[in-house]
Amino acid sequence: MWTALRATPAGTSVALYGLSANPPTGEGGHATIVSHLRRQFDQVWVLPVYRHIFASKADTLAPYHRRKKMCQLAFDADDASDADADAD
């Protein structure tokens with residue numbers, strides 16, 4: 001499941017994939033990128049942003065806890081992690 005910075009054995013290759021996930025997209029979008037990263041790395045940590053860097057998009061984001069849950073559902077929580085799982 002998603003945990004706060006899970007312990008990762010030395011030598012494990014980890015990809016950090018940050019996205020707004022508003023919403024996370026399927027085949028041809030975010031899901032394809034995550035699938036590709038999983039073939040290249042031992043672990044893929046999907047990290048939805050808490051706030052969008054662009055002010056013009058900040059007001060259109062769904063609440064963080066909802067976007068985080070959508071990522072959990074979309075990207076198989078057993079293989080992904082969130083660096084701030086307790087920020088709800």
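Atom set for the values below is all heavy atoms of this structure, side chains included, hydrogens, waters and symmetry mates excluded.
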- Task: May I have the step-by-step check of side-chain contact (heavy atoms from CB on, under 4.5 Å) for V14 and F41, ending in yes or no?
- Result: CA-CA 6 Å; V14 178; F41 295 89; 6.0 Å; no

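Here the closest heavy-atom approach between residue S20 and residue H52 is recorded as CB-CD2, 3.9 Å. Of all non-hydrogen atoms in P48 and K68, the two that sit nearest each other are CG-CA, 4.0 Å. Here the closest heavy-atom approach between residue C71 and residue V46 is recorded as SG-CG1, 4.0 Å.
The shortest side-chain heavy-atom distance between V34 and R38 falls under the 4.5 Å cut-off.
Under the 4.5 Å side-chain contact rule for hydrophobic residues, L19 and V44 share a cluster.
Here the CG atom belonging to D42 is positioned 5.5 Å from the OG1 atom belonging to T12, to the nearest 0.5 angstrom. Atom CZ of R67 and atom OH of Y50 lie 9.5 Å apart (nearest 0.5 Å). A distance of 4.5 Å separates OG1 in T8 from CD in Q43, rounded to the nearest 0.5 Å. Atom NE2 of H36 is separated from atom OH of Y17 by 11.5 Å, given to the nearest 0.5 angstrom.
Ring planes of H30 and F75: perpendicular class, angle over 60° (limits at 30 and 60°).
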